[in-house]
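What follows is one structure encoded as structure tokens, with my remarks underneath.
None of these values were measured; they are calculated from a predicted model.
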Amino acid sequence: MKGKLLFPLAVLAAIVISCSDSTTVYEETDDNVSLETSATVLENSIDFESSGVLDIYAESSNSGKYAREGEEQAGDYPLSLVAQVTPPSYAGAENLTASHIHLVDDYVYVSYNTAQDDYAGALDIIYVGDPYQPRVTSRLYYTNADINAIKYDNGFVYVAGGVDAEQSATATANSFLAKIQVSNNRFNLDAGISYAFQEGYNATDVLIQPNSVIVTSGKEGYLREYNKADLTIVKEAAYEDLRSLAYNGSQYALLDASYGVRILNSDFTEVSNIAISGDFREADKRTLDYYGDLIVVAEGENGAGVYNSQTGNLVERVAIPISPENVAVGDVVTNSAAFNENVLLMANGGAGLCLSEEENGVDVVGIIALDGSINYVETKDDYIFAASGRGGLQIIKMNKPAQSLEEACTDTSRYSGSSTLNVASNQDLRYNGSKRFNSVTVEGTLLLCGSWTVRNDVKVDVAGAFDMRGTLIVGRNNSRKDVVVEENATLRIEGDFAVYGNLTLKKGAKLEFLGDANRAYITGNVTIEEDASVTGDFEDMNNKF
């Protein structure tokens, strides 16, 4: 039986702890697996067309709708779009979409599947250590399998997916775990691929432990733990419809679409549960994640539910904050949710990517201005990764200011003013923080310490002085803006300076880089007029100076 539904419903199977004989492990190469060998294809997979400053659409106090902020307060979360990664494509698999993401150090590992009847998938390794120069270092194609989840650990990627067992010479069941070696940040097929198969229409999630790998599978499937070394079974438990798995250091949280959340001890004994009547549907990805003592669950049209993991009580329900026009009701659903420190991100399909903050309750900040339907979100450290269907993987940098920088700017005050920052000729202003500006004009003297984005132009007027320590990002590639330093004015930079547009130094103007760890990323032209100067050490990332 083929059963392409990724996560169908079924009659509840009895929970069994055992070592089943139904799993077979293979170590071999596969004719249905291949590597992308064209450096041009990998290079062209990175799309910078929309890179640059990201808006956040906030709720209007007048209309109640979510729209771009006007001349109001400068917003928090100065996000920038690093780039988009075009989904892999090959004959018979032109509609692959990102299904799962795992960030480890400077590399992100991405899995892809297809919603079509046929099985097709792919894997990417993407370098994101430099936010201005990401690159796909390796790509692997599966012509006969969906890949639904991926994790990297100690030189191997572990992927969970689905295959048509009736059409495969290797598969003994539809759900599988594969272990693939990674060498020098590239997939190494010469080492072979180890497989383990288990019951269930499709494997849905994978979790890495020090000595084992744990996999969930959907209809008539299992929670199963494998020995990491040889993929032999350690233990298993049968469930009706598992979608996602999380671990908090002592207990597992299982999202069972037939019931809700099940909390298990390390021996897979269920110790508590949380009944949820959410909209989990038959073929949709749904996730859960720990945040301290809280568990956040993606519940489809009901938004995200936040529960106390100890008591099972609903702490808060975060509704989907926008229902766009011309988007089908069925496309406005929370597919995935994840925490990053006190930030909650919700992938709400056609309603976009919602950013909220958790401070004694969850408060919606707004909708991040991304194109496409957002089907999955993963976040860690300073990055957000959003899967947007055929629009590809969107790599977002949060631009959190460094703690050391904030400490070095203790003589400044936290900025809390207008999104249009105007510094008069008789003013000497000094601020720290991380904000989104509409525009910046400096006639007097301004010091900004932290991370800052500017949607429109930046102008340092005649004889003005603008000092920036940290990160300053201006404009975006599809809406380029300029930085103009007028006659005898000074712009000083210590840190990262990105302009998606032109930089102009008028007569007698000065651009000074302080320290030895500076970078300038200019996408337009750099114009240096008579008697203007550029001094100091910096990396000219696009060779514009």
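Residue Q209 qualifies as enclosed at atom CD: its count of foreign heavy atoms under 6.0 Å is above 12. Open room surrounds CG on D371; 12 or fewer heavy atoms of other groups in view lie less than 6.0 Å from it.
At least one donor-acceptor pair under 3.5 Å links the side chain of S99 to the backbone N or O of S111. Between the side chain of S356 and the backbone N or O of V362 there is no donor-acceptor pair closer than 3.5 Å. Formation of a donor-acceptor pair under 3.5 Å by the Y247 side chain with backbone atoms of G249 is found in this model. With hydrogens and angles ignored, the 3.5 Å screen pairs no side-chain donor or acceptor of S258 with any backbone N or O of D241. Within the 3.5 Å criterion, the main-chain N or O of L231 finds no donor-acceptor partner in the side chain of N227. Put simply, the side chain of N478 never gets that close to the backbone of S50: no donor and acceptor are under 3.5 Å apart. Although no hydrogens or angles enter the test, the distance criterion places no donor-acceptor pair under 3.5 Å between the side chain of N340 and the main chain of V343.
Using a 4.0 Å cut-off between charged nitrogen and carboxylate oxygen, K228 and D153 count as a salt-bridge pair. Between R224 and E236, at least one side-chain N (NZ, or NE/NH1/NH2) sits under 4.0 Å from a carboxylate O, which counts as a salt bridge.
In terms of heavy atoms, I295 sits closest to A253 at CD1-CB, 4.0 Å. Closest non-hydrogen pair, M398 versus T379, comes out as SD-OG1, 4.3 Å. Taking each heavy atom of A337 and V296 in turn, the nearest pair found is CB-CG2, 3.9 Å. Nearest approach of V53 to V454, heavy atoms of both residues: CG2-O, 3.6 Å. Nearest heavy-atom pair across I320 and A351 is CG2-CB, 3.6 Å. A pairwise comparison of heavy atoms in L288 and L245 identifies CD2-N, 3.8 Å as the closest pair.
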**Report entry** S80/I473 under side-chain contact (heavy atoms from CB on, under 4.5 Å): CA gap, chis, key distance, verdict
**Finding:** CA-CA 8 Å; S80 59; I473 305 172; 3.6 Å; yes
Requested in this report: Output, in order, the C-alpha distance, side-chain angles, deciding distance and verdict of side-chain contact (heavy atoms from CB on, under 4.5 Å) for V128 and Y107.
Outcome: CA-CA 6 Å; V128 293; Y107 290 85; over 6 Å; no
Report task. Would you check, one step at a time, whether the test salt bridge (charged side-chain N to carboxylate O under 4.0 Å, His left out) holds for R519 with D130? Result -> CA-CA 11 Å; R519 298 192 300 176; D130 186 337; 3.1 Å; yes
Report task. List the steps, then state whether side-chain contact (heavy atoms from CB on, under 4.5 Å) holds for L472 with D496. Result -> CA-CA 6 Å; L472 176 65; D496 276 16; over 6 Å; no
Query raised in the report: So F385 and I396, side-chain contact (heavy atoms from CB on, under 4.5 Å) or not? Walk me through it.
Result: CA-CA 6 Å; F385 301 93; I396 302 162; over 6 Å; no
Report task. Please step through salt bridge (charged side-chain N to carboxylate O under 4.0 Å, His left out) for the pair R455 and D55, ending with a clear verdict. Result -> CA-CA 8 Å; R455 180 189 304 140; D55 292 323; 2.7 Å; yes
Query - S89 and E94: CA distance, side-chain angles, deciding distance, side-chain hydrogen bond (donor to acceptor under 3.5 Å, both in side chains) verdict - result: CA-CA 5 Å; S89 179; E94 290 82 11; 5.3 Å; no
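Taking the six-membered ring for Trp, Y226 and Y158 have ring centres at least 6.0 Å apart.
The shortest distance between side-chain heavy atoms of L254 and L223 falls below 4.5 Å.
At a cut-off of 3.5 Å, with distance as the only test, no side-chain donor of Y127 or D106 sits close to an acceptor on the other residue. For the residue pair T216/T204, the side-chain donor-acceptor check at 3.5 Å is satisfied. Using a 3.5 Å distance cut-off with no hydrogens or angles, the side chains of E539 and Y521 do not pair a donor with an acceptor. Residues E199 and Y222 bring no donor and acceptor atom of their side chains to less than 3.5 Å of each other. Y119 and N113 form no side-chain donor-acceptor contact under 3.5 Å, judged by distance and modelled atom types alone.
Under the 6.0 Å distance and 45° angle rule, K481 does not count as a cation-pi partner of Y500. Relative to the six-membered ring of F268, K235 meets both conditions, a distance below 6.0 Å and an angle of at most 45° to the axis.
Between Y195 and Y142, the angle of the ring planes goes over 60°, which puts this pair in the perpendicular group of the 30/60° scheme. Classified by interplanar angle (parallel below 30°, tilted 30° to 60°, perpendicular above 60°), the ring pair Y90/Y141 is perpendicular.
The side-chain contact (heavy atoms from CB on, under 4.5 Å) test with L54 is passed by exactly one of I368, N399, I384, T453: I368. Residue D76 is tested with R436, K435, K400 for a salt bridge (charged side-chain N to carboxylate O under 4.0 Å, His left out); the sole match is K435. A ring pair (Phe, Tyr, Trp, His ring centres under 6.0 Å) with Y109 holds for exactly one of Y152, F156, F187; it is Y152.
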